Engineer: 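Here you go, one structure.
Keep in mind the model is a prediction, meaning the values are calculated, not measured.
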Amino acid sequence: MVSSMRHWANAAGILEETSGSNVIRTTPLGRKLFGPKGLDPYMEHPASLWLIHWELSARAEKTTWFWAFNHFPSETFDREHLAKGLERLAKESGWTRAAGATIKNDVACFIRTYAAQSTLAQSTHEDTLESPLTELGLIKPVGKRDGFRFVRGAKPTLGNGVFVYALIDFWSRISKTATLSFEAIAHEPGSPGRVFLLSENDVVDRLAALDEITDGVFRWSETAGLKQVVRDAELDPVRSLKFIKLDYTDTARREVA
């Protein structure tokens, strides 16, 4: 149990381990959410779930999560379909340790993370426990047995603060330029549009509000037919944590500065 908690806390960006040692420390995000005077110490707010989803699915090293949300070509799928896609990826990448059984277990864990399970009368209490991320509604069961679909479109519980945090994180990893195209933000693997399953219109609506949300640090521009975001400050993923406060309280806007 302890090793499992440690694994998921690392995967969710709450803890980090120093390479080559057993030293574990809380990340800036972990302290922001769960530390003394943390924003959400009992993980009761949907913003915390969106942040954890971002940490799990926006980075290529989280293979199954990243590939499923950013590269899988179909909206509907079943476990076998997803597993075969990952097996092809492992073969093409030369991953000799990616056994079929390991991939199938990973796929089962991935689906259980996001899709609520039907409750059977004979199920134990442990069997009926759901992952908190099922509340995000990103994956839903479909009619046939073992069928699922990714739910693309507006995400009412995704706050603009988390969206800005994700945008800064994504931008800092792919480019050092002062502008970032709409295409990259909406469609590039690891982008907010891909990871949050937003439609193009949803992305545009959020980008259009950037100037007000960030007090001019980021601006949406459509000059000369080019759709892009312009930044007037250095990209700093740690400082970007100040924006997530916007999603936790109505008064937090006045504290962000």
Engineer: Is the distance between the ring centroids of W54 and Y165 less than 6.0 Å?
Structural biologist: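 Centroid distance W54-Y165: not below 6.0 Å, so no.
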Engineer: Check for a donor-acceptor pair, side chain of T26 on one end and backbone N or O of G30 on the other, with a separation under 3.5 Å.
Structural biologist: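 Answer holds: no.
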Engineer: Does the side chain of M43 come within less than 4.5 Å of F34's, by heavy atoms?
Structural biologist: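 They are in contact (side-chain heavy atoms under 4.5 Å apart), so the answer is yes.
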Engineer: Is there a donor-acceptor pair closer than 3.5 Å between any side-chain N or O of T113 and the backbone N or O of C109?
Structural biologist: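 Between the backbone of C109 and the side chain of T113 there is a qualifying donor-acceptor contact (under 3.5 Å).
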Engineer: For the residue pair F69 and F110, is the inter-centroid distance of their aromatic rings smaller than 6.0 Å?
Structural biologist: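 Between F110 and F69, which both carry aromatic rings, the centre distance is below 6.0 Å.
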Engineer: I'd like to know if the side chain of T27 reaches the main chain of G13, judged simply by a donor and an acceptor atom lying under 3.5 Å from each other, with no hydrogens or angles considered.
Structural biologist: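 Side chain of T27 to backbone of G13, a donor-acceptor pair under 3.5 Å: yes, one is there.
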Engineer: Start with the C-alpha gap between Q228 and E222, add the side-chain angles, then the distance that decides, and say whether side-chain contact (heavy atoms from CB on, under 4.5 Å) holds.
Structural biologist: CA-CA 7 Å; Q228 59 186 1; E222 296 186 56; over 6 Å; no
Engineer: Counting only N and O atoms by type, is there a donor-acceptor contact under 3.5 Å from the side chain of H45 to the main-chain atoms of L39?
Structural biologist: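 No, because the side chain of H45 does not come within donor-acceptor range (under 3.5 Å) of the backbone of L39.
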Engineer: Would you say that I111 contacts I139 through its side chain, given a criterion of any heavy-atom pair below 4.5 Å between the two side chains?
Structural biologist: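 With C-beta onward as the side chain, the pair stays apart.
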Engineer: Less than 4.0 angstrom from a charged side-chain N to a carboxylate O is my criterion; do R79 and D146 meet it?
Structural biologist: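 Judged by the 4.0 Å cut-off on N to carboxylate O distance, R79 and D146 do form a salt bridge.
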Engineer: So does A58 get a backbone contact from the side chain of K62, meaning a donor-acceptor N/O pair under 3.5 Å?
Structural biologist: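 Checking the backbone N and O of A58 against the side chain of K62, no donor-acceptor pair under 3.5 Å is found.
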Engineer: Would you find a donor on one side and an acceptor on the other, under 3.5 Å apart, between the side chain of D106 and the backbone of T102?
Structural biologist: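 No; zero donor-acceptor contacts below 3.5 Å.
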Engineer: Kindly assign one of parallel, tilted or perpendicular to the pair F196 and H53, based on the angle between their ring planes and the thresholds 30° and 60°.
Structural biologist: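 Because their plane-to-plane angle lies in the 30° to 60° range, the rings of F196 and H53 count as tilted.
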Engineer: Under the side-chain contact (heavy atoms from CB on, under 4.5 Å) rule, what do E135 and L49 come out as? Steps first, then yes or no, please.
Structural biologist: CA-CA 8 Å; E135 297 177 21; L49 303 182; 3.6 Å; yes
Engineer: Are a donor atom and an acceptor atom from the side chains of E17 and N10 found within less than 3.5 Å of each other?
Structural biologist: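 Judged by distance alone, the side chains do pair up.
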Engineer: Is it true that atom CZ of R239 has more than 12 heavy atoms of other residues, nucleotides or ligands lying nearer than 6.0 Å?
Structural biologist: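 12 or below, so no.
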Engineer: Are F163 and F170 near enough that their ring centres are under 6.0 Å apart?
Structural biologist: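 Distance test on ring centres: not under 6.0 Å, no.
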Engineer: Under 4.0 Å between a side-chain nitrogen and a carboxylate oxygen: does that hold for K155 and D202?
Structural biologist: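 Here K155 does not pair with D202 in a salt bridge, since their nearest N and O are not under 4.0 Å apart.
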Engineer: Using a 3.5 Å distance criterion without hydrogens, assess whether the side chain of N70 forms a donor-acceptor pair with backbone atoms of S57.
Structural biologist: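 Judged by distance alone, yes, a pair lies under 3.5 Å.
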Engineer: Could you pull out all residues at least two apart from R59 that satisfy salt bridge (charged side-chain N to carboxylate O under 4.0 Å, His left out)?
Structural biologist: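 Listed in chain order: E55, D169.
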Engineer: Answer yes or no: is there a side-chain heavy-atom contact under 4.5 Å between S74 and F150?
Structural biologist: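 No, their side chains stay 4.5 Å or more apart.
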Engineer: Please check this pair: side chain of D40 against backbone of S48, looking for a donor-acceptor N/O pair closer than 3.5 Å.
Structural biologist: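 Side chain of D40 to backbone of S48, a donor-acceptor pair under 3.5 Å: no, none is there.
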Engineer: Does the side chain of T179 reach to within under 4.5 Å of the side chain of V230, using non-hydrogen atoms?
Structural biologist: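 Contact flag for T179/V230 side chains = yes.
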Engineer: Check for a donor-acceptor pair, side chain of R231 on one end and backbone N or O of T177 on the other, with a separation under 3.5 Å.
Structural biologist: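 Yes, because the side chain of R231 sits within donor-acceptor range (under 3.5 Å) of the backbone of T177.
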Engineer: For the backbone of L198 and the side chain of R152, can you confirm whether one donor and one acceptor N or O come within less than 3.5 Å of each other?
Structural biologist: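 Here the side-chain-to-backbone pair exists.
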Engineer: Does a side-chain heavy-atom distance below 4.5 Å link V162 with F243?
Structural biologist: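 Side chain of V162 against side chain of F243, heavy atoms only: no contact under 4.5 Å found.
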Engineer: Please work out whether the ring planes of H81 and F72 are parallel, tilted or perpendicular, with thresholds of 30° and 60°.
Structural biologist: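 H81 and F72: perpendicular rings.
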Engineer: Hey, are the side chains of V238 and L29 touching, using non-hydrogen atoms and a 4.5 Å cut-off?
Structural biologist: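 No, every pair of side-chain atoms sits at 4.5 Å or beyond.
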Engineer: Before accepting this row, confirm whether a basic side-chain N of the pair K84/E80 lies closer than 4.0 Å to the acidic partner's carboxylate O.
Structural biologist: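 Answer for the salt bridge query: yes.
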